[in-house]
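Please read the structure below before turning to the comments.
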Amino acid sequence: MNMNIGAPRGTVDLLPEDTRKWQYVEEKIKSICEAYHYEEIRTPMFEHTEIFQRSVGDTTDIVQKEMYTFNDRGGRSLTLRPEGTASVARAYVQNKLYGDPNQPHKLFYFMELFRYERPQQGRMRQLHQFGVEVLGARNPAIDVEVIDLAMTIYRTLGLRSLRLVINSLGDKESRKAYREALIKHFTPHIDSLCKDCQLRLEQNPLRVLDCKKDADHPAMKDAPSILDFLNDQSRKYFEEVLELLEEIGIDYDVDPNLVRGLDYYNHTAFEIMSEAEGFGAITTLAGGGRYDGLIEELGGPDTPGIGFGMGIERLLLALEAENIDLPIDQSLDCYLVTMGDVPQKVIFKLVHELRQNGIQIDRDYQGRKVKAQFKAANRLHAKYVLVLGEEELSKQVINVKHMETGNQKEVKLSELVQTLKEKL
RNA sequence: GCGGUCGUGGCGAAGUGGUUAACGCACCGGAUUGUGGCUCCGGCAGGCGUGGGUUCAAAUCCCACCGGUCGCCCCA
C-alpha cells in the first residue's frame, strides 16, 4: 500500500477466513440466547452526545477521552456509541417499554462500538460487542442468570481458563457512605498518591482502589472495604447472588476493589477474565453489572436494570489462546471440471440449473488446464467433481467423481440433479 | 495520551553502506493430449512502509510521518 488510503487506525477488515469464525460464534451465541429467552434489539450507531455523558458519566475515561464526537450539519452534537447499555436504556425509555406488561425485558445485541484509544491486539477503535440488558427486574436470580448466560457462551465455545470476579457496590445509600469513608481515609495521604488518584479522590474515589500505580501504597492495605458499608438490604441481595452462583456451580472470586469504570453501576458488578497463557496484559473478556437508576436518569420511571458487554475480538483471541479450533465446515459440494471444446453456454447453463436446484457448485473461471482444475477442486474441499468433456457431452452424460474415494461413474445429464441430491 | 520494538514479492524470511535484492512456501506451466499426491524442470512476482536528509554510493545511517506489536492509563 503506497497510498495513504488504508483502513483508519484501529479498524480492520474481516476477510472470509475471519467472517467464517465470526458467523459461527454469532450463531452459537444467538442459539444460547434463545434458550434463555433473550430477544434482539438494534439501536442506532450514534446517539446524542448527552446520552453518554449522562449515563456513562462525565468523569469517566470513556467520556473524557475516548468518544468519537462530531457535529452534524444541523449543529447537533452526536457521538458514535462507545458502549451499548446507554443506547438500550434510551430505547427502552423512548419506546415506553416500561409500559409493556411483559417484564422484565430481556434483550441482547451485537453492536459495533467506537472508542478513540491507542490500538493493540484486543483493543480496537471500532470494536464489536455482544451484550445483554435485562430491564424491569430487581431479583438476584436475574443477576445470576445474566452471569450464567455469559459463562455458558464461553464454555459452550470451549473456553476453560475463566475467572469470574464479582463485587457489590451497594445501593445509593451504601455507596454514598462508602464514598465518604474513602475520602476520609485517603485525604491524609493525598500528597503521596499518584496524580491520577489525586484527581480520582475528588471526582470518583471508588476508582482509587483499582489504581495499579498505587496498588502498593500503604494506605491501600487498610482502606475501608465496600463490603463493610453495604446496608442490610444490599448485603442480603449480594449474598443471595453468591448463593445462586454456588447453586449452579459457578466459581467466583469476590474482589472488593472491582468498581467498574462507569458511573451507572450499583449493586452487582462483575468481570469475566481469561487466564489463558499468552493472552497478554488484556484479560477482561466481559464486564457488566447492575444499574438501577439509569432508566430514571434518562427520563423513565424508576426501573432496575442489569447487563454485560462481551468483546467479540477478545473472545476470538481467547479461543486462540486456548488453541480451540471452531468446527467450521469449509467444504464445497460440487466442482465442475470441463475440458476440450465444450461451449461456454453449455457450462454456464449447467451450473445455473444445478444451483437453481439447491446444489452447491463452483467452477473454473481462469481457463485452467484439467489438472489445475482438479487441484482447485481439491483446495476448495469439493466433495464431488463433475467432469464434462466433449465425449461426455456428445453422449449427454457427465462423469461424477467422489474425491475422497476416487470412485467415479457416468451419470446421464437428465438424471444429474436427482443423483446429486441423493448423494449430498 | 506516554514509553519500547518492528515494517523487504501474496505469505514467511536473508541481507546491517557498494555490481542486475538470497532462499522457502504459495501460484502458473511442462515432464504426464482428459483427472487430485510425490518428484524433477521452468516461470510469474519485490527495489525494500511513506517522505525528506547524509554520502561518490542506502533496504542498510539520520529525521519526520504512517502503520503493526508490546507495555502504561483504562477497559470489551
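First the proteins, then the strands, lettered A, B, ... as listed; each starts at 1.
- A salt bridge is absent between A/Arg81 and A/Glu47: the closest approach of a Lys/Arg side-chain nitrogen to an acidic carboxylate oxygen does not fall below 4.0 angstrom.
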Review item, nucleotides 4-11 of chain B N/O atoms under 3.5 Å of protein N/O:
none

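- The A/Arg115 side chain lies nearest to B/C75 when the options are B/C75, B/G34, B/C38.
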Going by atom type alone, with no hydrogens or angles, which donor-acceptor pairs under 3.5 Å involve a side-chain atom of residues 311-323 of chain A and a protein atom two or more places apart or on another chain?
| residue | atom | partner | partner atom | Å |
| --- | --- | --- | --- | --- |
| A/Glu313 | OE1 | A/His128 | N | 3.0 |
| A/Glu313 | OE2 | A/His128 | N | 3.3 |
| A/Glu313 | OE2 | A/His128 | ND1 | 2.8 |
| A/Arg314 | NE | A/Gly122 | O | 2.7 |
| A/Arg314 | NH1 | A/Thr284 | O | 3.1 |
| A/Arg314 | NH2 | A/Gly122 | O | 3.1 |
| A/Glu322 | OE1 | A/Arg160 | N | 2.9 |
| A/Glu322 | OE2 | A/Arg160 | N | 3.3 |
| A/Glu322 | OE2 | A/Ser161 | N | 2.9 |

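- Comparing B/G3 with B/U20, their P atoms sit 40 Å apart, to the nearest whole Å.
- Classified by interplanar angle (parallel below 30°, tilted 30° to 60°, perpendicular above 60°), the ring pair A/Phe110/A/Phe108 is perpendicular.
- The same atom, P, is picked in B/C70 and in B/A13; the two are 16 Å apart, to the nearest Å.
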Point to revise | Structure string for RNA chain B in dot-bracket form, Watson-Crick and G-U at under 3.5 Å, | interchain | key: ((((((((.[[[..)..(....]]].(((((.......))))).....[[[[[..)....]]]]])))))))....
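- Remark: the separation of the P atoms in B/A45 and B/A21 is 14 Å, to the nearest Å.
- Remark: the separation of the C1' atoms in B/G52 and B/G10 is 30 Å, to the nearest Å.
- With both ends at atom C1', the span from B/G7 to B/G29 equals 34 Å, rounded to whole Å.
- The P atoms of B/G36 and B/G30 are separated by 13 Å, rounded to the nearest whole Å.
- A/Glu133 contributes atom CD, which lies 12.0 Å from atom OH of A/Tyr92 (distance to the nearest 0.5 angstrom).
- Remark: the separation of the C1' atoms in B/G46 and B/A14 is 14 Å, to the nearest Å.
- If you take CE of A/Met273 and P of B/C75, they are 11 Å apart, rounded to a whole angstrom.
- For A/Arg155, the side chain to side chain donor-acceptor pair (under 3.5 Å) test picks out no residue, with sequence neighbours left out.
- Using cut-offs of 30° and 60° for the angle between ring planes, the A/Tyr237 and A/His267 rings count as tilted.
- Contacts of A/Val387 with the nucleic acid, taken as non-hydrogen atoms under 4.0 Å apart, include base atoms.
- Between A/Glu117 and A/Lys65 there is no salt bridge, since none of the side-chain N atoms of the basic residue sits less than 4.0 Å from a carboxylate O of the acidic one.
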Just the atom pairs and distances: protein N or O near nucleotides 27-30 of chain B's N or O, under 3.5 Å.
| residue | atom | partner | partner atom | Å |
| --- | --- | --- | --- | --- |
| B/C27 | OP1 | A/Arg379 | NH1 | 3.0 |
| B/C28 | OP1 | A/Arg368 | NH1 | 2.9 |
| B/G29 | OP1 | A/Lys369 | N | 3.4 |

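- At a threshold of 4.0 angstrom between heavy atoms, the contacts of A/Ala286 are confined to the sugar-phosphate backbone, with no base atom among them.
- Across all strands shown, A/Gln366 has no heavy atoms under 4.0 Å from either base or sugar-phosphate atoms.
- Among the atoms of the strands shown, base atoms are found under 4.0 Å from some heavy atom of A/Glu392.
- Closest to the A/Arg207 side chain, of the nucleotides B/C75, B/C73, B/C38, is B/C75.
- Applying a 4.0 Å cut-off to non-hydrogen atoms, the residues of residues 311-328 of chain A that approach RNA chain B are A/Gly311, A/Arg314, listed by residue number.
- Residue pairs meeting the ring pair (Phe, Tyr, Trp, His ring centres under 6.0 Å) criterion with at least one partner in residues 41-60 of chain A, sequence neighbours excluded, are absent.
- Counting non-hydrogen atoms under 4.0 angstrom, A/Gly288 reaches nothing in the nucleic acid.
- Ion pairing of A/Arg355 with A/Glu353 is absent here, as no side-chain N (NZ or NE/NH1/NH2) approaches a carboxylate O to less than 4.0 Å.
- Listed nucleotides B/G36, B/G68, B/C73 differ in distance to A/Pro119; the shortest reach to its side chain belongs to B/G68.
- Non-hydrogen atoms lying under 4.0 Å from RNA chain B are contributed by A/Lys401, A/His402, A/Met403, A/Gly406, A/Gln408, all within residues 401-424 of chain A.
- Here the P atom of nucleotide B/A76 and the CD atom of A/Glu66 are 10 Å apart, to the nearest Å.
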For nucleotides 40-44 of chain B, list the nitrogen or oxygen atoms of the protein found under 3.5 Å from its nitrogen or oxygen atoms, one pair per line.
none

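- Taking A/Arg138 as the reference, A/Asp292 meet the side chain to side chain donor-acceptor pair (under 3.5 Å) condition, with sequence neighbours excluded.
- Classification of the A/Tyr291-A/Tyr264 ring pair by plane angle, with boundaries at 30° and 60°, yields perpendicular.
- With rounding to the nearest 0.5 angstrom, the CD1 atom of A/Ile41 is 6.5 Å from the CG atom of A/Leu97.
- Contact between the side-chain N/O atoms of A/Arg260 and the OP1/OP2 oxygens of B/A76 is found at a separation under 4.0 Å.
- One C1' atom belongs to B/A57, the other to B/G17, and the distance between them is 8 Å to the nearest Å.
- With hydrogens and angles ignored, no donor-acceptor pair closer than 3.5 Å exists between the side chain of A/Gln120 and the base of B/G68.
- Using a 4.0 Å heavy-atom cutoff across all strands shown, A/Leu113 reaches no nucleic acid atom at all.
- The distance from the CD atom of A/Glu410 to the CD atom of A/Glu391 is 8.5 Å, given to the nearest 0.5 Å.
- For B/A76, its base never sits under 3.5 Å from the side chain of A/Glu271 at any donor and acceptor pair.
- Straight-line distance from the CE atom of A/Met339 to the P atom of B/G36: 11 Å, rounded to whole Å.
- Cation-pi geometry between A/Arg363 and A/Tyr335 is not met: the NZ or CZ atom fails to fall both under 6.0 Å from the ring centre and inside 45° of the normal.
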Pair up each side-chain donor or acceptor in residues 379-390 of chain A with any protein partner under 3.5 Å, not counting sequence neighbours, and list the distances.
| residue | atom | partner | partner atom | Å |
| --- | --- | --- | --- | --- |
| A/Lys383 | NZ | A/Ser331 | OG | 3.4 |
| A/Lys383 | NZ | A/Asp333 | OD1 | 2.8 |
| A/Glu390 | OE2 | A/Asp341 | N | 2.7 |

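- Nucleic acid contact for A/Gly340: none, since no nucleic acid atom lies under 4.0 Å from a heavy atom of the residue.
- Listed by chain and residue number, nothing satisfies the ring pair (Phe, Tyr, Trp, His ring centres under 6.0 Å) test with A/Tyr109 (two or more places apart in sequence, or in another chain).
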